[in-house]
2 protein chains.
Amino acid sequence: MKKTPISVAIVEDVQGTRENLEELLKRTPDLKCAGIYASGEDALRNLPKIAPDVVLMDINLPGMTGVQCTAELKAVLPKTLILMLTAYENSDLIFESLRSGASGYLMKNTEPDEIIQAIEQVCAGGAPMSMQIARKVVNHFQLIKKPSAEFEQLTVRENEILSLLAKGFLYKEIAAQLQISLHTVRGHVHLVYEKLHVQSRSEAIIKFLGQKG
Amino acid sequence: MKKTPISVAIVEDVQGTRENLEELLKRTPDLKCAGIYASGEDALRNLPKIAPDVVLMDINLPGMTGVQCTAELKAVLPKTLILMLTAYENSDLIFESLRSGASGYLMKNTEPDEIIQAIEQVCAGGAPMSMQIARKVVNHFQLIKKPSAEFEQLTVRENEILSLLAKGFLYKEIAAQLQISLHTVRGHVHLVYEKLHVQSRSEAIIKFLGQKG
DNA sequence: AGACATACAGAACGAATGTTCTGTAGCTAA
DNA sequence: TTAGCTACAGAACATTCGTTCTGTATGTCT
């Protein structure tokens, strides 16, 4: 698929795991081990010159975490693909990693064969991860969707006013934009609060923004 | 893995494809074809009684779309897993499907073997999709991330207060929770506003929530 | 037509919020 | 040590918001 070998760097604090990974890369024909680092700080200092195709990043590093390191690396090397390695399936860390720019998420107990496959897959435009992790990622989208019954009761005018509220306008600014009096705005806002079951502008905005996701 | 066969329903308007899928299910030992429908409306009428384990849903249906059908089915049968079938890799449709509650996303030209595997995988807690689609889903998380320079200037106390503001608490409630005076809360809030370059609680909340994704 | 419901508009009053001050404690650099 | 900086705490005053009223169209049943 690729003629030149894929250059891969390793960031992993545990010596044993680090050496195993290095060994694995070295004995695989199409891969090249471009750098090995025991800490995120060390990796950040050296990787920018090397610009590898792929980085295998331990998520649990002493000092700077793998997530932080990923974010900073991606800022410098946007084209470098990062695969997280982790011992545990922690949901929060998965999402933080993906937000930081990781392109895949592997468990440490993954078979060597599959690690190699994952490296090739990520280069081919994929996002390798275990099927349990894939489901978590997919479910995340569904959580965004919320019951929107309350919002449907709002009249056109109330919706108009709510969306202005949620842009941060003052009552008097809303009154000016809609050509109605300040008092009237207050009246509408109060009805919006009743229908949304909230008692302050803040809560209404939070509910409104949470709704759009 | 499962002793009883997995019950699978098909929603697909094209007769040829529909019959091919049915044939595929029938000749696979561990699968049972529980229902075949040519439209979303038809599926919605009949599936609630059947409650299959998995539904293969064509995304491109005449009348009600596969996405709509997925959303309504999921509302009635939250435990039923839905795999979307599609001819084209349209990003928007992928995300709409996932938001509507689909648990996997297959191309129509997928090999029969892989379709069977996908059905088994989704029952086992996975989220089968092509590697290109997986990457799109993962990338979606990265887009959420925004520049957060302003927030880093906040002190621990200020962050604490901002996050309480963004939960809708009143000043006096915040004062009580943090054991400081109402006046002090005001003072902190004002500093937060300065650092975030906003001038009201609403704007601060909007900025704070927009930041988290 | 009369009774009822709803969307919209406005006013008065108390409560919450925003601004601008002052003061204290801890930490750093000259 | 002293001067300067920052985080935190508080007070006085002005503005904005939230609640509870009343009133006016408009539409829909019966």
Side-chain angles (χ1 to χ4, degrees), chain A residues 41 63-65 68 72 146-212, chain B residues 146-212:
Chain A
E41 291 83 352
M64 164 184 274
T65 70
Q68 287 176 283
E72 299 195 21
K146 297 218 176 148
S148 61
E150 293 162 328
F151 288 90
E152 291 173 8
Q153 296 181 7
L154 298 179
T155 68
V156 174
R157 198 57 149 181
E158 287 161 357
N159 247 305
E160 202 172 2
I161 286 181
L162 175 56
S163 75
L164 291 171
L165 278 186
K167 291 197 179 97
F169 289 112
L170 301 179
Y171 283 6
K172 67 178 180 188
E173 293 172 325
I174 295 175
Q177 278 186 53
L178 301 183
Q179 311 255 49
I180 56 181
S181 98
L182 183 59
H183 309 289
T184 305
V185 175
R186 279 202 252 269
H188 284 302
V189 169
H190 184 67
L191 289 175
V192 170
Y193 291 175
E194 273 192 352
K195 292 183 182 175
L196 297 188
H197 305 108
V198 299
Q199 334 187 90
S200 76
R201 181 170 177 150
S202 307
E203 292 180 65
I205 292 177
I206 293 165
K207 209 154 192 172
F208 182 76
L209 294 180
Q211 166 66 22
K212 330 220 73 181
Chain B
K146 296 209 175 158
S148 63
E150 293 163 329
F151 288 89
E152 291 173 10
Q153 297 180 3
L154 298 180
T155 68
V156 173
R157 197 56 148 182
E158 286 160 359
N159 247 303
E160 204 172 1
I161 286 181
L162 175 56
S163 75
L164 290 172
L165 278 187
K167 289 195 180 98
F169 289 112
L170 302 179
Y171 282 6
K172 65 179 177 185
E173 293 172 324
I174 295 175
Q177 278 185 55
L178 301 183
Q179 310 255 51
I180 55 180
S181 98
L182 183 60
H183 308 291
T184 305
V185 174
R186 279 201 256 268
H188 284 302
V189 169
H190 184 66
L191 289 175
V192 170
Y193 291 175
E194 272 192 351
K195 291 184 182 174
L196 297 187
H197 306 108
V198 300
Q199 19 209 24
S200 76
R201 178 172 179 147
S202 307
E203 291 180 67
I205 292 178
I206 294 164
K207 209 154 192 173
F208 181 75
L209 293 180
Q211 166 65 21
K212 329 222 68 181

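On a predicted model such as this, the values are computed, not experimentally measured, just so you know. Convention: sequence-line order gives letters A, B, ...; per-chain numbering from 1.
Taking atom CZ of B/R186 as the reference point, atom P of D/dC8 lies 19 Å away to the nearest angstrom. Straight-line distance from the CD1 atom of B/I161 to the C1' atom of D/dA7: 11 Å, rounded to whole Å. For the pair B/E158 CD and D/dA9 C1', the interatomic distance rounds to 13 Å; values are reported in whole Å. Rounded to whole angstrom, the span from the CD atom of B/E160 across to the C1' atom of D/dA9 amounts to 14 Å. Between B/L182 atom CG and D/dG10 atom C1' the separation is 10 Å, expressed in whole Å. In this structure, B/L154 atom CG and D/dT6 atom P are separated by 15 Å, rounded to whole Å. Look at CD1 on A/I180: it is 14 Å from C1' on C/dA11, rounded to the nearest Å. The separation between A/H183 atom NE2 and C/dG10 atom P is 8 Å, rounded to whole Å.
Within the 4.0 Å cut-off from OP1 or OP2 of D/dG10, at least one side-chain nitrogen or oxygen of B/T184 is found. At least one side-chain nitrogen or oxygen of B/T155 sits closer than 4.0 Å to the OP1 or OP2 atom of D/dC8. Using a 4.0 Å cut-off, some side-chain N or O of B/S181 falls inside it from OP1 or OP2 of D/dG10.
In this structure, of D/dG18, D/dA7, D/dT16, it is D/dT16 that holds the atom nearest to the side chain of A/L170. You'll find that the side chain of B/Y171 is closest to C/dT17, out of C/dT17, D/dC17, D/dA11.
Of the residues in residues 188-205 of chain A, A/H190, A/Y193, A/Q199, A/S200, A/R201 come within less than 4.0 Å of DNA chain D through at least one heavy atom, sorted by number.
Side chains of A/E160 and A/T155 form no contact here, defined as non-hydrogen atoms less than 4.5 Å apart. Looking at B/E203 and B/Y193, their side chains never come closer than 4.5 Å, going by heavy atoms from C-beta outward. B/L170 is not listed as a side-chain neighbour of B/I174, based on a closest heavy-atom distance of 4.5 Å or more. Contact of the A/L164 side chain with the A/L178 side chain is registered, since non-hydrogen atoms from C-beta on lie closer than 4.5 Å. A/K207 places a side-chain heavy atom less than 4.5 Å from the side chain of A/F151.
Among pairs with a residue in residues 178-191 of chain B, those fulfilling side-chain hydrogen bond (donor to acceptor under 3.5 Å, both in side chains) read B/S181-B/T184, at least two apart in sequence or across chains.
What you find for B/F208 and B/L162 is that their closest heavy atoms are CD1-CD2, 3.4 Å. Shortest non-hydrogen contact noted between B/K195 and B/E158 is NZ-OE1, 2.9 Å. Among all heavy-atom pairs drawn from B/I206 and A/G168, the shortest one is CD1-N, 3.6 Å.
Across its full length, the helix from C/dA1-D/dT30 to C/dA30-D/dT1 shows an angle of 30° between the axes of its 5 terminal pairs at either end, rounded to 10 degrees.
Within 4.0 Å (heavy atoms only), B/R157 reaches sugar-phosphate atoms of the nucleic acid but no base atom.
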